[in-house]
Amino acid sequence: MAVTTSAENPLPVGDVSRLIGGWIDRLGAVWVEGQITQLSRRPGAGVVFLTLRDPSHDISVGVTCYRQVFDTVSDVVTEGARVVVLAKPEWYAPRGQLSLRATEIRPVGVGELLARLERLKKSLAAEGLFALDRKRPLPFLPQLIGLVCGRASAAERDVLENARHRWPAVRFEVRNVPVQGVHAVPQVVGAVQELDALDEVDVIVVARGGGSVEDLLPFSDEALIRAVAACRTPVVSAIGHEPDQPLLDLVADLRASTPTDAAKKVVPDVGEELERVAQLRDRARRSVAAFVDREERGLAHALARPVMRDPHKMVDDRAEQLTALVDRSRRTLGHLLDRASSELTHTHARVVALSPAATLQRGYAVLQRDDGHVVRAPADAPDGARLRARVAEGEFEVQVVADQTRKVET
């Protein structure tokens with residue numbers, strides 16, 4: 001029930017603690033999963049004290065149970081183990097402390113862990129976090145590499161030594177974090193996000209050596225997977241050995257089978273690159289030499305042709321042909337003109353012979369009336385009509401005389 005309080009009428013601490021305890025006592029038992037971080041079994045004590053921690057978050061809660069409850073699993077449950085506990089929340093009023101009273105403890109087996117990982121894998125894959133089109137290519141020669149690994153670990157040594165052996169000028173920004181246990185996930189996530197925020201970091205490598213399925217669980221945690229998926233910087237996963245494949249391998253832009261393999265894939269080998277440059281230089285030189293040789297042979301072949309030996313021969317040959325054609329055209333044109341002139345002369349002679357002037361030259365005359373019509377019949381010249389007579393040397397007037405012979409007077 002709600003309690004009415006004020007600055008003038010406050011509740012004592014004991015009453016507040018008692019009220020909270022009364023509310024918590026009404027809660028039922030729940031199944032809780034977590035990882036045991038502290039385990040206290042005092043000799044002769046009838047109660048065992050545990051601290052249960054969430055592997056993905058920095059949250060823990062105390063658990064108590066009777067010795068006979070814990071003795072049933074004492075052979076397989078130790079610090080660091082993941083367990084499922086059936087417990088009822090309890091409130092310890094004198095200290096104002098919440099704890100869980102466990103009535104049953106079950107260790108989480110490897111099979112169950114693998115089944116959960118498989119379900120999580122399918123869920124994240126359905127979101128597209130493992131899609132190939134999300135993978136980003138690594139830079140050819142990174143100037144600064146971010147490395148997330150355990151402190152003074154073999155994984156750190158393998159990455160640093162192999163990378164510097166391949167490219168001595170390479171630089172690293174190292175973040176040493178726990179790579180297993182309850183603190184691994186939040187610290188690895190924080191290290192990855194911190195390196196991703198640095199603009200000068202070109203690629204991030206997350207590395208650790210091999211281990212059991214339980215040891216590699218932090219690298220299959222959903223929080224870490226989503227943090228890597230959100231990175232702007234390409235991420236390389238180098239977790240465990242070849243058979244190991246945590247979910248980090250699927251979301252990373254590149255998977256390396258070992259930390260040593262990560263160093264080989266992230267940093268090019270200076271010796272190999274110099275050799276490749278030398279091979280490319282030789283190949284380019286051979287290509288240029290072959291091209292020059294081919295062009296020289298083509299030029300020599302072209303110069304060996306007759307037209308190149310005597311360039312004027314073609315012009316001279318064509319000049320002779322042109323002269324012959326000009327002469328031929330002139331002769332042809334002359335023949336045509338002569339023939340046309342002869343035909344014109346004959347035509348002119350025929351025209352002259354057939355013209356009225358030629359007829360007049362032979363003594364004939366042409367009679368015309370005043371209107372210019374030619375007199376062709378006696379009816380065209382009535383008696384007394386005046387006509388013009390046209391002869392070869394000119395013309396004169398005549399008049400028709402009325403008699404039987406139809407004489408014409410001039």
Side-chain angles (χ1 to χ4, degrees), residues 124 129-130 132 134-181 183-211 215-273:
L124 297 177
L129 298 187
F130 304 152
L132 294 179
R134 295 186 68 258
K135 308 295 183 183
R136 291 159 294 185
L138 302 186
F140 169 70
L141 182 59
Q143 300 301 312
L144 183 63
I145 301 175
L147 177 60
V148 180
C149 58
R151 185 180 302 277
S153 62
E156 178 181 7
R157 184 179 62 254
D158 290 345
V159 174
L160 296 180
E161 290 182 357
N162 283 280
R164 287 169 179 160
H165 176 73
R166 293 171 63 83
W167 198 278
V170 68
R171 296 182 298 120
F172 281 89
E173 187 72 21
V174 181
R175 295 292 183 271
N176 294 122
V177 295
V179 291
Q180 68 183 59
H183 301 286
V185 172
Q187 295 200 32
V188 172
V189 170
V192 169
Q193 292 175 341
E194 181 181 350
L195 292 173
D196 184 53
L198 298 177
D199 294 335
E200 59 270 23
V201 173
D202 298 320
V203 63
I204 300 173
V205 178
V206 182
R208 71 149 287 163
D215 293 338
L216 300 181
L217 283 177
F219 299 97
S220 294
D221 189 88
E222 183 176 359
L224 177 59
I225 302 305
R226 295 191 181 278
V228 171
C231 283
R232 300 178 299 106
T233 310
V235 177
V236 177
S237 173
I239 305 301
H241 299 296
E242 186 64 39
D244 304 323
Q245 192 175 22
L247 298 185
L248 179 62
D249 288 350
L250 302 179
V251 74
D253 296 288
L254 179 66
R255 176 187 181 267
S257 57
T258 62
T260 300
D261 183 50
K264 294 180 179 179
K265 290 182 176 179
V266 172
V267 180
D269 186 274
V270 62
E272 293 178 357
E273 296 305 320

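No hydrogens, no waters, no symmetry mates; every other heavy atom, side chains included, goes into these values. Being a predicted model, the structure only gives us computed values, none of them experimental.
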Between the main-chain N or O of L129 and the side-chain N or O of R134, is there a donor-acceptor pair closer than 3.5 Å?
-> yes

Shortest non-hydrogen separation from G150 to V179 and the atoms involved = N-CG1, 3.5 Å

Identify, with sequence neighbours excluded, every residue that meets side chain to side chain contact (heavy atoms under 4.5 Å, CB included) alongside S220.
-> L117, P246, L247

Minimum-distance pair of heavy atoms, taken over all atoms of G209 and L216 | O-CD2, 4.2 Å

Go through the steps for R226 and V251 under the test side-chain contact (heavy atoms from CB on, under 4.5 Å), then give the verdict.
-> CA-CA 8 Å; R226 295 191 181 278; V251 74; over 6 Å; no

Between the CG atom in L141 and the CH2 atom in W167, the distance rounded to the nearest 0.5 Å is 4.5 Å

Partner set under side-chain hydrogen bond (donor to acceptor under 3.5 Å, both in side chains) for Q187, not counting sequence neighbours = none

Partners of D269 by side-chain hydrogen bond (donor to acceptor under 3.5 Å, both in side chains), sequence neighbours excluded?
-> none

Nearest heavy-atom approach of V266 to P268 is O-CD, 4.0 Å

Can you sort out the partners of E173 under side chain to side chain contact (heavy atoms under 4.5 Å, CB included), two or more places apart, ordered by chain and number?
-> L144, R175, L195, L198

Determine whether S237 and V206 make a side-chain contact, defined as any pair of heavy atoms from C-beta on separated by less than 4.5 Å.
-> no

Closest heavy-atom pair and its distance - N176, A152 = ND2-N, 4.4 Å

Just wondering, more than 12 heavy atoms not from K265 lying within 6.0 Å of its NZ?
-> yes

D158 meets the salt bridge (charged side-chain N to carboxylate O under 4.0 Å, His left out) criterion, sequence neighbours left out, with none

Set of residues satisfying side-chain hydrogen bond (donor to acceptor under 3.5 Å, both in side chains) with respect to Q143, sequence neighbours excluded | none

For V188 and P178 the tightest heavy-atom approach is CG2-O, 3.7 Å

Evaluate side-chain contact (heavy atoms from CB on, under 4.5 Å) for V267 paired with I145, printing each intermediate quantity in order.
-> CA-CA 9 Å; V267 180; I145 301 175; 3.5 Å; yes

Got a list of side-chain donor-acceptor pairs under 3.5 Å for residues 227-235, not counting sequence neighbours?
residue, atom, partner, partner atom, Å
R232, NH2, D196, O, 2.6
T233, OG1, D196, OD1, 2.9

To the nearest 0.5 Å, atom CZ of F219 lies from atom CG of L248 at 7.5 Å

For D253, which residues count as a salt bridge (charged side-chain N to carboxylate O under 4.0 Å, His left out) partner, sequence neighbours excluded?
-> R136

Can you name the residues that form a side chain to side chain contact (heavy atoms under 4.5 Å, CB included) with A263, not counting sequence neighbours?
-> N162, A163

Side-chain contact, heavy-atom cut-off 4.5 Å: R164 with V170?
-> yes

pair L147-L160: side-chain heavy atoms closer than 4.5 Å = yes

Mind checking the CD-CZ spacing from E156 to R208? Nearest 0.5 Å is all I need.
-> 14.0 Å

Sequence neighbours excluded, the answer for side chain to side chain contact (heavy atoms under 4.5 Å, CB included) partners of A155 is S153, A207, P259

